[in-house]
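Okay, so here's the structure we're looking at.
Every chain is numbered from 1, with letters handed out A, B, ... down the list of sequences.
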2 protein chains.
Amino acid sequence: MNIGEAASASGVSAKMIRYYESIGLIEPPARTEAGYRVYAGEDVHALRFVKRARTLGFSIEETRELLALWHDKSRASADVKAFALKHIGELETKIAELQGMAQTLRHLAHNCHGDHRPDCPILEDLADPAGAGRH
Amino acid sequence: MNIGEAASASGVSAKMIRYYESIGLIEPPARTEAGYRVYAGEDVHALRFVKRARTLGFSIEETRELLALWHDKSRASADVKAFALKHIGELETKIAELQGMAQTLRHLAHNCHGDHRPDCPILEDLADPAGAGRH
DNA sequence: ATGGTCCTTCCCATCATGGGAAGGTCAAGG
DNA sequence: CCTTGACCTTCCCATGATGGGAAGGACCAT
């Protein structure tokens, strides 16, 4: 299987497959005499693992640790669970941050007439967060 | 006021102030004969505007548009409101994505014993999302 | 005049991904 | 047998926002 086929089979672009190889995230595959990369079913399996981890928001370095746990047949499930819970915590922190932004903006937008007049509490808040909203 | 003072007065690092200037987000300030940047109160005001916009999750390019709206005395508040609502929508999309990730991981972690045994639904899902959970 | 703290510009690194150029390879069809 | 088109290779560059740090100049208090 060439890289293009491995890409469509795994959902990881050929570009990223080469990149993952260059940073040592995945094993370098065999090569043909002409230098073409040749992938086996197991390689595609690893690529799908990486794709899934990235989709769940794990960074590449975290994905590297997950791959190590995956290959370590003797790991304790507690280790994997702790890793996942830590990541969940980070996701929740990020979510809370974004929700804070959205909430502030919703409040400002709610107080903005949204008509032809120029007065706008949104810009007033940006210009002077402490003073905006005063009358 | 030197750049360091403007930085602590605005909450924007000196490094970023220079960067914002280099990309034309803020006006180049006056200079002393020796080449030092000299900031006035109005400059710090603009920097705080930028800082606030960034804190609310606007990109630099979006911040550029907000600055333009701010300086355009004749804009309609409806334009600003529409801009804010669009950004709120993007924030909500991002939040939903992250919540999807967190929810999936919570589900997987919930089904993981988290003990000394190696069996782990989390890794099974990463390795085979479609098949994990089968018995 | 000396030292410490500020300032200047310039280059490099991050993280993950894509774009594209220049050139080699392979398979199909004339 | 040769061309054509689709693939592959490596290499460099760009993104977005920020920080780190070097080399050198400026300012100020002792």
Side-chain angles (χ1 to χ4, degrees), chain A residues 1-26 28-40 43-44 46-67 87 90-91 94 97-98 101, chain B residues 1-26 28-40 43-44 46-67 87 90-91 94 97-98 101:
Chain A
M1 194 182 336
N2 281 345
I3 197 170
E5 214 174 334
S8 44
S10 66
V12 180
S13 72
K15 209 87 182 182
M16 290 311 298
I17 295 176
R18 292 193 197 97
Y19 174 66
Y20 290 159
E21 179 189 335
S22 81
I23 62 171
L25 184 67
I26 58 173
R31 300 268 188 150
T32 66
E33 289 205 347
Y36 282 27
R37 289 173 179 79
V38 180
Y39 295 90
D43 298 317
V44 174
L47 284 170
R48 275 201 266 103
F49 184 103
V50 170
K51 174 74 177 179
R52 178 82 175 137
R54 301 281 304 113
T55 298
L56 289 174
F58 290 97
S59 71
I60 287 189
E61 285 315 306
E62 287 167 338
T63 301
R64 196 190 295 275
E65 296 186 53
L66 287 169
L67 282 165
H87 184 56
E90 289 163 2
L91 288 172
K94 194 71 173 285
E97 264 177 41
L98 296 178
M101 295 177 191
Chain B
M1 193 179 345
N2 281 344
I3 197 170
E5 215 175 333
S8 44
S10 66
V12 180
S13 73
K15 209 89 182 181
M16 289 313 296
I17 294 177
R18 294 194 196 96
Y19 174 66
Y20 290 158
E21 180 188 334
S22 81
I23 62 171
L25 184 67
I26 58 174
R31 299 269 190 152
T32 66
E33 288 207 349
Y36 282 28
R37 289 173 178 81
V38 181
Y39 294 90
D43 299 318
V44 173
L47 284 169
R48 275 200 266 101
F49 184 103
V50 171
K51 173 72 178 181
R52 178 83 174 136
R54 301 281 304 113
T55 299
L56 289 175
F58 291 97
S59 72
I60 286 189
E61 285 314 306
E62 286 165 339
T63 301
R64 196 190 296 274
E65 296 187 53
L66 287 169
L67 281 166
H87 185 56
E90 289 164 3
L91 288 172
K94 194 72 173 284
E97 265 178 38
L98 295 178
M101 295 178 190

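- Within residues 48-55 of chain A, the residues having any heavy atom closer than 4.0 Å to DNA chain C are, in order of number, A:Arg54.
- Interatomic distance, CG of A:Leu47 versus CD1 of A:Ile17, reported as 5.0 Å (0.5 Å rounding).
- In this view, A:Arg54 satisfies the side chain to side chain donor-acceptor pair (under 3.5 Å) rule with no residue, not counting sequence neighbours.
- Contacts between residues 28-39 of chain A and DNA chain D, defined by a heavy-atom separation under 4.0 Å, are made by A:Arg31, A:Gly35, A:Tyr36, A:Arg37.
- Of all the residues in residues 56-66 of chain A, A:Ser59, A:Ile60 reach under 4.0 Å from DNA chain C with at least one non-hydrogen atom.
- The NZ atom of B:Lys51 sits 8.0 Å away from the OG atom of B:Ser10 when rounded to the nearest 0.5 Å.
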**OP:** Starting from the C-alpha separation in whole Å, work towards a yes-or-no answer on side-chain contact (heavy atoms from CB on, under 4.5 Å) for B:Tyr36 and B:Ile3.
**Re:** CA-CA 8 Å; B:Tyr36 282 28; B:Ile3 197 170; over 6 Å; no
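- Atom CG of A:Leu25 is separated from atom P of C:dC15 by 13 Å (rounded to the nearest Å).
- Heavy-atom minimum distance, A:Ala53 versus A:Thr63: CB-OG1, 3.7 Å.
- What you find for A:Leu67 and A:Leu25 is that their closest heavy atoms are CD1-O, 3.6 Å.
- Residue B:Glu97 holds its CD atom at 5.5 Å from CE of B:Met101, rounded to the nearest 0.5 Å.
- Not counting sequence neighbours, the partners of A:Ser22 by the side-chain contact (heavy atoms from CB on, under 4.5 Å) test are A:Tyr19.
- Heavy-atom distances under 4.0 Å link DNA chain D to B:Lys15, B:Met16, B:Tyr19, B:Tyr20 of residues 15-23 of chain B, given in residue order.
- Pairing each heavy atom of B:Ala7 with each of B:Ala14, the nearest pair is CB-N, 3.7 Å.
- By the side chain to side chain donor-acceptor pair (under 3.5 Å) test, A:Glu21 pairs with A:Arg37, sequence neighbours left out.
- When all heavy atoms are compared, the tightest approach of A:Leu91 to B:Leu98 is CD2-CD2, 3.9 Å.
- Formation of a donor-acceptor pair under 3.5 Å by the B:His87 side chain with backbone atoms of B:Leu56 is found in this model.
- Taking a heavy-atom distance under 4.0 Å as the criterion, the stretch of DNA chain D touched by chain B extends 5' to 3' from D:dA17 to D:dC27.
- Between B:Phe49 and B:Leu66 the shortest heavy-atom distance is CZ-O, 3.7 Å.
- Remark: A:Glu5 engages no residue in a side chain to side chain donor-acceptor pair (under 3.5 Å) (not counting sequence neighbours).
- With sequence neighbours excluded, the residues forming a salt bridge (Lys or Arg N to Asp or Glu O under 4.0 Å) with B:Arg64 are B:Glu61, listed by chain and number.
- When the C1' atoms of four end pairs are superposed on the next four at each end of the helix from C:dA1-D:dT30 to C:dG30-D:dC1, using five pairs per end, the two resulting axes differ in direction by 30°, to 10°.
- Nearest heavy-atom pair, B:Val44 versus B:Met1, reported as atom, atom and distance to 0.1 Å: CG2-CE, 3.6 Å.
- With sequence neighbours excluded, no residue forms a side chain to side chain donor-acceptor pair (under 3.5 Å) with B:Glu33.
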